[in-house]
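Here's the structure we're looking at; comments come further down.
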Amino acid sequence: MSDSPKMNSSLRTVEWKNNKVIMIEQTKLPNELIFVEYDDFNQVANAIKTLIVRGAPAIGVSGAFGLGLAVLQSKATTKEELLSDLEHARKILFATRPTAVNLGWGLQKIMEVAQSGDTAEQIRELVISAAKRMADEDIEINKTMGKNGAPLFDDNDTIMTHCNAGALATVAYGTALGVIRATRESGKNVKVIATETRPIQQGSRLTAFELKHDGFDVSLVPDTAVGYSMANGLVDKVVVGADRIVKTGHVFNKIGTYQVATMAKQHGIPFYVAAPLSTIDMETKADDVIIEMRSGSEVTGIGDKKTAPDGINVINPAFDMTPPELITGIITEKGIAKAPFEESIKKLFQSNS
Ligand code: MRU
């Protein structure tokens, strides 16, 4: 095990190389930076389910790459056979995680591209090139989002973030952390407070890791110190990512986001969400969004160490909903939505030419 695994800015969290999918094995971070290589879409589905890859945009692209593997695995010689094999793979990939809308979005985009092909061979080429394009576009979108968000932050701000909405949650650069990176690139000096993000510590394992690696002044706080930090003037602004935003501006993100937003409101601290349009779901109502419930074992222990009595009941929702009245603005690649959100979100899509 290496003491300080090294990332570099050209590293991609998920990548298509030589007809294989390469991913950073995120469950091993921050202790080991290792890559896994897959040639079977079932392996990609398992990687999404077990959080080897996680974060809404990263699982969207992973789903698309999974379909890329599926077209190569299929022995189909006709369009109809190949579409049927692809549909089988889509269902397996889609069933892995229910809350982040980017997964369904990515799969749907690739299925539409596949339908447009005339022959099995053409579909194979179209699917793979569309998935690769989706990965490249993810980085461009994050950089544009960063530029849009940077003016909202001031020189010497301390910015709190929750979970990991960074390079590791996307193909590269990040959404919320992309905004923080772009703020620094615009010449401002910023500090970051990262919440630990129990139960599986995306904040300490991933956000603290990637920001420290990039030379940010980053401090880690336990989730229970959010109120303390805000009440004691340690936080100027908050920016988080999102797994799904519905048209009314309700934001679904990592469990604990609602508490951070409520505290921010209590202390008059601006609370921003950074997410691409692919995270906005204009169809589903807030009440109908499925919150993933994860295994109790994530809460009854840390790593291999048991921290709760045997047989204890556990409630372990992976996400929560932050209502629009707690949100100052939603930063996207098409601009910033503000209240009334229903109207401003609609406008973002109208400008999406
Ligand atoms: O369970 P995870 O680690 O996939 O949850 C990730 C988050 O909640 C992120 O904040 C969200 O996906 C935004 S990522 C750019």
Side-chain angles (χ1 to χ4, degrees), residues 12-14 23-29 47-63 96-106 135 138-139 141-143 145-146 149 160-182 194-211 223 238-245 251-261 271-281 289-295 298-299 316-322 327 330-333:
R12 291 185 176 209
T13 297
V14 52
M23 290 176 182
I24 295 179
E25 216 295 22
Q26 298 195 36
T27 68
K28 304 285 185 213
L29 286 170
I48 297 173
K49 208 173 175 56
T50 58
L51 310 186
I52 287 170
V53 64
R54 35 63 53 201
I59 65 174
V61 171
S62 299
T96 52
R97 295 196 77 190
T99 306
V101 72
N102 306 59
L103 178 58
W105 172 89
D138 177 73
I139 304 174
I141 286 170
N142 292 340
K143 294 206 162 158
M145 201 187 308
M160 177 174 273
T161 189
H162 183 62
C163 191
N164 174 265
L168 290 162
T170 60
V171 177
Y173 202 68
T175 55
L177 298 194
V179 170
I180 294 176
R181 288 191 163 96
T195 56
E196 186 185 17
T197 319
R198 276 286 287 152
I200 46 172
Q201 293 161 292
Q202 290 92 333
S204 57
R205 289 190 304 106
L206 309 176
T207 295
F209 171 73
E210 64 170 88
L211 289 182
D223 302 314
V238 179
V239 63
V240 298
D243 289 86
R244 188 184 295 245
I245 299 171
V251 168
F252 294 80
N253 191 47
K254 180 52 56 195
I255 193 72
T257 303
Y258 175 45
Q259 285 171 201
V260 178
F271 180 91
Y272 293 104
V273 177
L277 291 199
S278 56
T279 299
I280 303 181
D281 173 359
V289 173
I290 299 170
I291 300 283
E292 177 183 2
M293 301 302 284
R294 294 189 62 87
S295 162
E298 290 178 349
V299 183
N316 184 21
F319 301 97
D320 61 23
M321 183 193 80
T322 299
I327 299 167
I330 300 175
I331 305 160
T332 76
E333 73 274 29

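First listed ligand is number 1; within each ligand, the first listed atom is number 1. Each residue takes its place number in the sequence, starting with 1.
- For the pair Ala242 and ligand 1, a heavy-atom separation below 4.0 Å is found.
- Between the side chain of Thr279 and the backbone N or O of Arg244, no donor-acceptor pair lies under 3.5 Å.
- Between Ala56 and ligand 1, at least one N/O pair is under 3.5 Å apart.
- Contacts of His162 with ligand 1, taken as heavy-atom pairs under 4.0 Å, are absent altogether.
- When each atom of ligand 1 is checked for a heavy atom of Gln202 under 4.0 Å away, the hits are 1 (O), 2 (P), 3 (O).
- The proximity of Ala275 to ligand 1, defined as any non-hydrogen pair under 4.0 Å, does not occur for either the backbone or the side chain.
- Heavy-atom contacts from other residues, nucleotides or ligands closer than 6.0 Å to CD of Glu292 number more than 12.
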Please determine whether side-chain contact (heavy atoms from CB on, under 4.5 Å) holds for the pair Arg97 and Leu51, giving the CA-CA distance in whole Å, both sets of side-chain angles, and the decisive distance to 0.1 Å. CA-CA 10 Å; Arg97 295 196 77 190; Leu51 310 186; 3.2 Å; yes
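- At under 3.5 Å, a nitrogen or oxygen of Arg54, whether backbone or side chain, sits near a nitrogen or oxygen of ligand 1.
- For Val299 against Pro199, the heavy-atom pair with the smallest separation is CG2-CB, 4.1 Å.
- Of all the heavy atoms in Arg181 and Tyr173, the pair that sits closest is NH1-O, 2.8 Å.
- For atom 8 (O) of ligand 1, the nearest non-hydrogen atom of the protein is Asp243 OD1, 2.7 Å.
- Note: no N/O pair closer than 3.5 Å links Leu51 and ligand 1 by distance alone.
- In this structure, Arg97 is part of the shell of residues with a heavy atom less than 4.0 angstrom from ligand 1.
- Scanning the protein heavy atoms around atom 15 (C) of ligand 1, the nearest turns out to be Thr175 OG1, 3.0 Å.
- Here Lys254 has heavy atoms under 4.0 Å from ligand 1 in both its backbone and its side chain.
- Per-residue contacts place Ala165 under 4.0 angstrom from the following atoms of ligand 1 (heavy atoms of the residue considered): 14 (S), 15 (C).
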One pair to check against side-chain contact (heavy atoms from CB on, under 4.5 Å): Thr96 and Leu103. What are the steps and the verdict? CA-CA 9 Å; Thr96 52; Leu103 178 58; 3.4 Å; yes
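- Here the heavy atom of the protein found nearest to atom 14 (S) of ligand 1 is Ala169 CB, 3.5 Å.
- Contacts with ligand 1 closer than 4.0 Å are made by backbone heavy atoms (N, CA, C, O) of Asn164 only, the side chain lying farther away.
- In this structure, Pro57 is part of the shell of residues with a heavy atom less than 4.0 angstrom from ligand 1.
- Residue His162 comes nearest to Ile255 through the heavy atom pair NE2-O, 2.8 Å, listed as atom of the first residue, atom of the second, then distance.
- Nearest heavy atom pair, residue Asp243 against residue Asn102, reads O-OD1, 3.6 Å.
- With a 4.0 Å heavy-atom cut-off, ligand 1 is reached by the side chain of Cys163 but not by its N, CA, C or O.
- Among all non-hydrogen protein atoms, the one lying nearest atom 9 (C) of ligand 1 is Asn253 OD1, 3.5 Å.
- In terms of heavy-atom proximity, Thr322 sits nearest to Ala261 at CG2-CB, 3.5 Å.
- The shortest heavy-atom contact between Thr175 and Pro276 is CG2-CD, 3.9 Å.
- Using a cut-off of 4.0 Å between Lys/Arg side-chain N and Asp/Glu carboxylate O, Asp223 and Arg198 are scored as not salt-bridged.
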